[in-house]
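Notes for the one structure printed next.
If you're wondering where the values come from, they're calculated on a predicted model, not measured in any experiment.
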Amino acid sequence: MIAEPMTAFTDLLLCVLGLTFGLRLRNGTSRARPLWSFAFLASSLGSLTGGLYLAFQPSLSPLPLTILWKITATAIGAAGLLLFCGATRALVPQRIARALVIASIVLFVTYLAWMTTHDEFIYMIAFYGTMMLATLVICIVRYRIAPRACALIVSGIAIAALAAAVQASHIDPFAHFNHNDLYHVIQMVSLFVTYRGARELP
């Protein structure tokens, strides 16, 4: 029996969207597109394994559940890192971009080390949110380089922040549609808007 079927279903939809956007970003002349493509693919993987974890949590033994959750944590972290590196590569001068990318990779490795002994979802959100905040700052500071792209990416990040707030609120709109489901639906909008911004990057 599937636990939390609506949450698992909306996670699966997020997976399909991330996969679709990731594959669509493979082509193009933008320096950032390969990184953003892998970011969406990582997000898709995180949604898939997270959905499987929630769907089969009552019936799976601890080992496969642990593996699914660790993959989810790694994929979500990688998505945030790649989004930041993609924006940095497209908008920031090369010398500064290199330093920012190295710093973000060090932070990512630290995050992975921490998650080997911790499972709380809040740590995933904290790392991903940090990467999104850094991306937001870059898009604001370097807005004149690609106004339309930056405006869309900033909007996508703002929508993602709204989704996180909804998830943290634990407000359940309907009997079979809880705060996690609503979080996923809002995240779908965020993914689409962010994808549109990624397509506009130089």
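- By the 4.5 Å heavy-atom criterion applied to side chains, Trp36 and Leu83 are counted as neighbours.
- Linking Ile, Leu, Val, Met, Phe, Trp and Tyr whenever their side-chain heavy atoms come within less than 4.5 Å puts Leu52 and Phe121 in one cluster.
- Side-chain contact between Leu136 and Val154 is present, with at least one heavy-atom pair separated by less than 4.5 Å.
- Although no hydrogens or angles enter the test, the distance criterion places no donor-acceptor pair under 3.5 Å between the side chain of Thr194 and the main chain of Ile153.
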**Request:** In sequence, state the C-alpha distance, the side-chain angles, and the governing distance for Leu68 and Leu60, and then conclude on side chain to side chain contact (heavy atoms under 4.5 Å, CB included).
**Result:** CA-CA 11 Å; Leu68 283 173; Leu60 287 178; 4.1 Å; yes
**Prompt:** Can you check side chain to side chain contact (heavy atoms under 4.5 Å, CB included) on Thr49 and Tyr53, steps first, answer last?
**Reply:** CA-CA 6 Å; Thr49 54; Tyr53 177 91; over 6 Å; no
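- In this structure a side-chain-to-backbone donor-acceptor pair under 3.5 Å is missing from Ser43 to Ala39.
- Within the 3.5 Å criterion, the main-chain N or O of Ala78 finds no donor-acceptor partner in the side chain of Tyr111.
- Within 6.0 Å of OH on Tyr123 lie more than 12 heavy atoms contributed by other residues, nucleotides or ligands.
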**Asked** Run the side chain to side chain contact (heavy atoms under 4.5 Å, CB included) check on Tyr195 and Arg24 step by step: do they pass?
**Response** CA-CA 9 Å; Tyr195 159 73; Arg24 284 175 175 247; 3.3 Å; yes
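- Rounded to the nearest 0.5 Å, atoms CG (Leu65) and CZ (Phe56) are 11.0 Å apart.
- A pairwise comparison of heavy atoms in Gly86 and Ala32 identifies O-CB, 3.1 Å as the closest pair.
- Annotation for Ile138 and Thr88: closest pair CD1-OG1, 3.2 Å, computed over non-hydrogen atoms.
- Between Leu107 and Met131, the closest side-chain pair of non-hydrogen atoms falls below 4.5 Å.
- For the atom pair Thr116 OG1 and Leu112 CG, the distance stands at 8.5 Å (nearest 0.5 Å).
- Remark: side-chain polar atoms of Ser37 are not paired, donor with acceptor, to backbone N or O of Arg33 under 3.5 angstrom.
- Looking at heavy atoms from C-beta onward, Arg148 lies in side-chain contact with Leu152 at the 4.5 angstrom threshold.
- Follow the hydrophobic side-chain contacts under 4.5 Å out from Met132 and you reach Ile105 in the same cluster.
- In this structure, Tyr128 and Met124 have side chains that are not in contact, with every pair of non-hydrogen atoms separated by 4.5 Å or more.
- Listed here is the closest heavy atom pair of Ala75 and Ala42: CB-O, 3.3 Å.
- Between Leu35 and Arg89, the closest heavy-atom pair is CD1-CD, 4.0 Å.
- If you chain together hydrophobic residues whose side chains sit under 4.5 Å apart, Ile186 and Leu13 fall into the same group.
- The 12-atom threshold is exceeded at CZ of Arg142, counting heavy atoms of other residues, nucleotides or ligands nearer than 6.0 Å.
- The backbone N or O of Arg95 sits nowhere less than 3.5 Å from a side-chain atom of Arg98 that would complete a donor-acceptor pair.
- Among all heavy-atom pairs drawn from Asp172 and His179, the shortest one is OD1-ND1, 2.8 Å.
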**Asked** side chain to side chain contact (heavy atoms under 4.5 Å, CB included) between His170 and Asn178: does it pass, once the steps are laid out?
**Response** CA-CA 8 Å; His170 290 274; Asn178 64 27; over 6 Å; no
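- To the nearest 0.5 Å, atoms CG (Leu54) and CG (Leu12) are separated by 12.5 Å.
- The line from OG1 of Thr72 to CD1 of Ile67 is 11.5 Å long, rounded to the nearest 0.5 Å.
- Connection of Leu45 to Leu191 is not established within any shared hydrophobic cluster, with ILVMFWY side chains joined at heavy-atom distances below 4.5 Å, either directly or through further cluster members.
- For the ring-ring contact (aromatic ring centres under 6.0 Å, His included) condition, no pair includes a residue of residues 137-160, sequence neighbours left out.
- Taken from CZ in Phe108 to SG in Cys85, the straight-line distance is 10.0 Å, to the nearest 0.5 Å.
- Considering only heavy atoms from C-beta on, His184 stays 4.5 Å or farther from Gln167 through its side chain.
- A 6.0 Å sphere centred on CD of Glu120 holds more than 12 heavy atoms belonging to other residues, nucleotides or ligands.
- One finds the CD1 atom of Ile140 at 12.0 Å from the CG atom of Leu91 (value rounded to the nearest 0.5 Å).
- Heavy atoms from other residues, nucleotides or ligands lying under 6.0 Å from CZ of Phe38 number 12 at most.
- Contact between Ser190 and Gly156 at its shortest, heavy atoms only, is OG-O, 2.7 Å.
- Looking at Leu17 and Phe192, their side chains never come closer than 4.5 Å, going by heavy atoms from C-beta outward.
- Val189 and Val16 fall into different hydrophobic clusters, defined by Ile, Leu, Val, Met, Phe, Trp and Tyr side-chain heavy atoms under 4.5 Å apart, directly or through other members.
- Contact check for Asp11 versus Cys15: no side-chain heavy atoms found under the 4.5 Å cut-off.
- Side chain of Ser44 to backbone of Phe40: no donor-acceptor contact under 3.5 angstrom is found.
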